[in-house]
Amino acid sequence: MSAPTFSASMDPSTKSIRTTSPSPTAPEGKPSAAVAPTLIDIENLDFHYGATKALHGITLKVPDRQVTAFIGPSGCGKSTLLRCLNRMNDLIDGTRIGAGSIKIRGVDIYQRDVDVIELRKRVGMVFQKSNPFPKSIYENITYGLRLQGIKDKGRLDEVVEKSLRGAALWDEVKDRLHASGLGLSGGQQQRLCIARTIAVEPEIILMDEPCSALDPIATAKVEELIHELKLKYTIVIVTHNMQQAARCSDKTAFFYLGKLVEFAPTRTIFMNPENPQTEAYVSGRFG
Amino acid sequence: MPPETNSAALPSPTFNIVKRRLSFFGLTLDECIQVFFGGNAFVAVVILGLITYFLFREGAEFFGQNRQNLTVYRQAGLEYVDFMRRQEQAHTALTRDLFELRMRAVSDMTTRQGLTLAEANQRLASFDDYAGRFDDAIGPLRGMVADLTEVATAIKTKFNINQDKLEEREQLQSAGRTVEANAVKVEPVDFASEIAPILATRDAYLENNRVLAAEFAKLVEQVPAAPTPKLQGAVERFKVKVKAYVATFPSIEAEMAAWDFRKSVPLWKAFSAFIFGRQWLTASFWQDWYGVVPLFVGSLMVSMVALFLAIPLGVGAAVYVNQIASLREQRFIKPCIEFISAFPSVVLGFFGIAVLGEALRALSQVTWLQWLPGFPIAERLNALTAGCLLGLIAIPTIFTLAEDALQNVPRAFKEASYALGATRLQTITKIVVPAGLSGIISAILLGLGRVIGETMVVLLCAGNRIAIPDFTEGLSAFVQPVHTMTGIVAQEMGEVVRGGIHYRALFVVGIFLFFLSLGINFLAQKIVRRYRISIG
């Protein structure tokens, strides 16, 4: 089964994140974006933490089934932008969107009639620090499905295997599915979190520095996984590690002080950036 | 000049890193501060040790004294008389059954059959006649018990006077007043000859028992037909009970035959009489009993009521404040709940007597609430009243600790749950509360510890009746007055003779409480350590 799309599941119950029908995004005609259709369309977005403005007029189009990397020095707003994409920032008191919009397949996710729960099922997230629940591996993966009321044992077993295979973890844990998820190594825990995310079959996976707490070998495994996942999912990854961005991503956005400085195919950003700030950052002169 | 000499001649810079010492009594300032803090910690430990030691020293002797107490009970023949007394009391219980039967019959007749009271009484005339004969049948035994009670009491009194004299003499001797000491005459009590009159009644007793058995066998046959059809079952039950009662006679006789006043009371009896004793009876003319069970049951019942209230309120409030409430609500609710613990418990007790007890009783008289067990409440002060107030006391403890436990659940769990499409309620019930459960359980246990140790409220509001509540009527036992372990110590400690058995018994109750609290706290810590989730 392929990843569900927003337009494919438009039954009027809870499946749709919006009650009004979405219109497909009109192609904007940029030559680089023309290769893959735009999935996430961020337009002129301002974001505030209380009195502080964290994002200034961000405009960005994330292409479908590709890996988009957000890079930039600490505090540049890349994680904030990522957390806007599944409205995780709603959980923090005093945050708000000042201006602009984020549309996923043409649906503005900050509209009043959007069901945030449904949105988050479609836009999964992997966190910086691996955070499996203090439950068994099996329960970690089935958590999202059980929330949706799925109790059929056969179906759950199937999803567990598929997700763990998808996260390249199956062979390592198949004999101890009922052991605690907290007993795994750091890299395995992170892949468990990825498996848990893909178990609910999202369309988009957001990764917030997924490898920052991992050693190089575990990092390599997760990166390999990203390559496989992009065949089915649209991935947005925030990373501090520029080599990682260069290795895994198709497009890269460079942020600095809450502004988008440059957004281009990864090759361009690293080999031939337009902006001198980008050039200075990717060549390691600051950041 | 060679260069070496040249460099040696240069004034070398001093490398002085020796600490300058400011000393008091040979200690540096740092050491003084260390001694101060270390000393404080040490004093706390020493005081704790002293309290424990004192508690045990005062309490330990109780068991010896209780053994002595039980020995006199045996030697003076009180135990022997009590065999008969129990037989008599069992009969009294049967008479009470008859009386209850009559009450039900009267209410049946007046309400259902529409008879007047006079008519009902008339119809029950034959029943009353039977009840009278049933009651009279025990007469000879009752008389015998009354006589022997006097004899046994006299022996015990004689022994006690002797003990007092012995003590007086010892005191005089140790004070060096030998002449006066020798003037105190002590005649040792010869138990064998003293209790001979009691044992001499044996044949008469056995003969009487045979008569009684025959009498009751006859009476069983004569049980009148049930006054109303509804009571048929009760009458049948009564017959069965009487037969069972007569069947106990041989075993009582056997016990009495095996009884020997010379048999010594083993030490474990002194322990078991305390731990399993169902009576706490002091300053009695007959025999003092120090059984902790009624007090323990009272404490337990009051604590159960308290936890029944405090767990949902405390944990619920903690979940709400920690997970749902806005910052402004948190800032209001938290101090409010914590403020409860600022009430002195005597004020709460006062409130319990003046307001809560009255209010509960008034509530219990509302007609449409009569289906609740124990309603209407007879006593204003009872386990329920005290338990409600103790619940109030436990709420801040449970709330604060449970809130801490929830606070310690890593935020990452919550975020991961939300990111998988969980609602807030799902996240709370499936992730946050299970992850914080060990902390919540230990919060409840510490709340229990707080409640068990609380004194003033139970002393004022529990009703202070030293008896095991009647559990045969189910939950209504909770509206009966009880006494508690803390309450008894507070109430009686001021009135007892220092060093006496009663005084020591209260210390043993204290030790019992000490171990109980220790156990609860230990368990709470163990649970927290064992199930603490590693954050990673």
Side-chain angles (χ1 to χ4, degrees), chain A residues 14 17 82-83 85-94 115-135 139-149 180-186 189-190 192-193 196-202 204-208 213, chain B residues 318-334 402-443 526-536:
Chain A
T14 55
I17 66 160
L82 190 80
R83 292 167 63 94
L85 299 181
N86 66 347
R87 293 186 55 174
M88 280 306 266
N89 285 329
D90 292 11
L91 303 176
I92 301 165
D93 285 334
D115 181 355
V116 184
I117 303 303
E118 202 57 34
L119 169 72
R120 293 194 187 128
K121 284 183 201 160
R122 309 291 183 79
V123 186
M125 190 165 196
V126 176
F127 296 85
Q128 177 172 7
K129 223 170 139 197
S130 59
N131 54 356
F133 300 125
K135 298 169 183 276
E139 282 175 66
N140 261 285
I141 291 170
T142 54
Y143 180 74
L145 295 174
R146 284 185 203 268
L147 290 180
Q148 296 170 25
S180 170
L182 294 173
L184 300 174
S185 73
Q189 283 191 9
Q190 195 59 295
L192 175 61
C193 292
R196 180 174 71 183
T197 305
I198 62 183
V200 293
E201 305 202 313
I204 300 163
I205 299 176
L206 309 176
M207 296 187 173
D208 191 358
Chain B
V319 169
Y320 182 77
V321 165
N322 192 267
Q323 297 292 318
I324 300 170
S326 68
L327 209 59
R328 270 177 59 196
E329 282 178 304
Q330 280 188 28
R331 286 200 188 127
F332 175 71
I333 297 173
K334 268 172 103 164
E403 217 251 275
D404 278 356
L406 293 174
Q407 189 66 45
N408 284 338
V409 173
R411 203 188 151 70
F413 289 164
K414 248 171 87 175
E415 288 198 330
S417 173
Y418 282 124
L420 287 167
T423 62
R424 183 153 66 180
L425 198 65
Q426 286 171 328
T427 304
I428 290 170
T429 54
K430 298 194 172 168
I431 299 296
V432 179
V433 171
L437 196 62
S438 65
I440 292 173
I441 290 174
S442 83
K526 194 108 183 157
I527 286 173
V528 166
R529 294 226 181 101
R530 177 101 183 258
Y531 298 106
R532 179 178 288 163
I533 27 167
S534 57
I535 300 157

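Chain letters run A, B, ... following the sequence lines, proteins first, then strands; residues in each count from 1. If you're wondering where the values come from, they're calculated on a predicted model, not measured in any experiment.
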Legend entry - B/Ser326, part contacting chain A, at a heavy-atom distance under 4.5 Å: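 No part of it gets close to chain A.
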Inset, instruction - With a 4.5 angstrom heavy-atom cut-off, could you sort out which part of B/Lys414 is near chain A: side chain, backbone, both or neither? - result: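 Interface part for B/Lys414: neither.
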To check you understand the geometry: which heavy-atom pair defines the closest contact between [X] and [Y], and what is its length?
X	Y	result
A/Ile92	B/Arg411	CG1-NH2, 4.0 Å
A/Phe127	B/Ala416	CE1-CA, 3.7 Å
A/Leu147	B/Ala422	CD1-CB, 3.3 Å
A/Met125	B/Ala419	CB-CB, 3.9 Å
A/Lys135	B/Ile431	CE-CD1, 3.7 Å

Inset, instruction - For side chain to side chain contact (heavy atoms under 4.5 Å, CB included), just list the numbers for A/Ile117 and B/Gln426, CA-CA rounded to whole Å, side-chain angles, deciding distance to a tenth of an Å, and then say yes or no. - result: CA-CA 11 Å; A/Ile117 303 303; B/Gln426 286 171 328; 5.6 Å; no
Inset, instruction - Could you grab the distance from atom CD of A/Gln148 to atom CG of B/Leu420, nearest 0.5 Å is fine? - result: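 These two atoms lie 9.5 Å from each other.
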Inset, instruction - Mind checking the CG-OH spacing from A/Asp90 to B/Tyr418? Nearest 0.5 Å is all I need. - result: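 It is 10.5 Å, given to the nearest 0.5 Å.
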Inset, instruction - Using a strict cut-off of less than 4.0 Å between a Lys/Arg side-chain nitrogen and an Asp/Glu carboxylate oxygen, indicate whether B/Glu415 and A/Lys129 qualify as a salt bridge. - result: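 No, B/Glu415 and A/Lys129 are not salt-bridged.
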Legend entry - chain B contact via A/Phe133 - which portion, at a heavy-atom distance below 4.5 Å: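 When you check distances to chain B, atoms from both the backbone and side chain of A/Phe133 fall under 4.5 Å.
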Legend entry - chain B contact via A/Arg87 - side chain, backbone, both or neither, heavy atoms under 4.5 Å: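 Neither the backbone nor the side chain of A/Arg87 comes within 4.5 Å of chain B.
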Inset, instruction - Using atom types as modelled and distance alone, determine if a side-chain donor or acceptor of A/Asn131 lies under 3.5 Å from a backbone N or O of B/Ala412. - result: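 The answer is yes, because a donor-acceptor pair under 3.5 Å joins these two groups.
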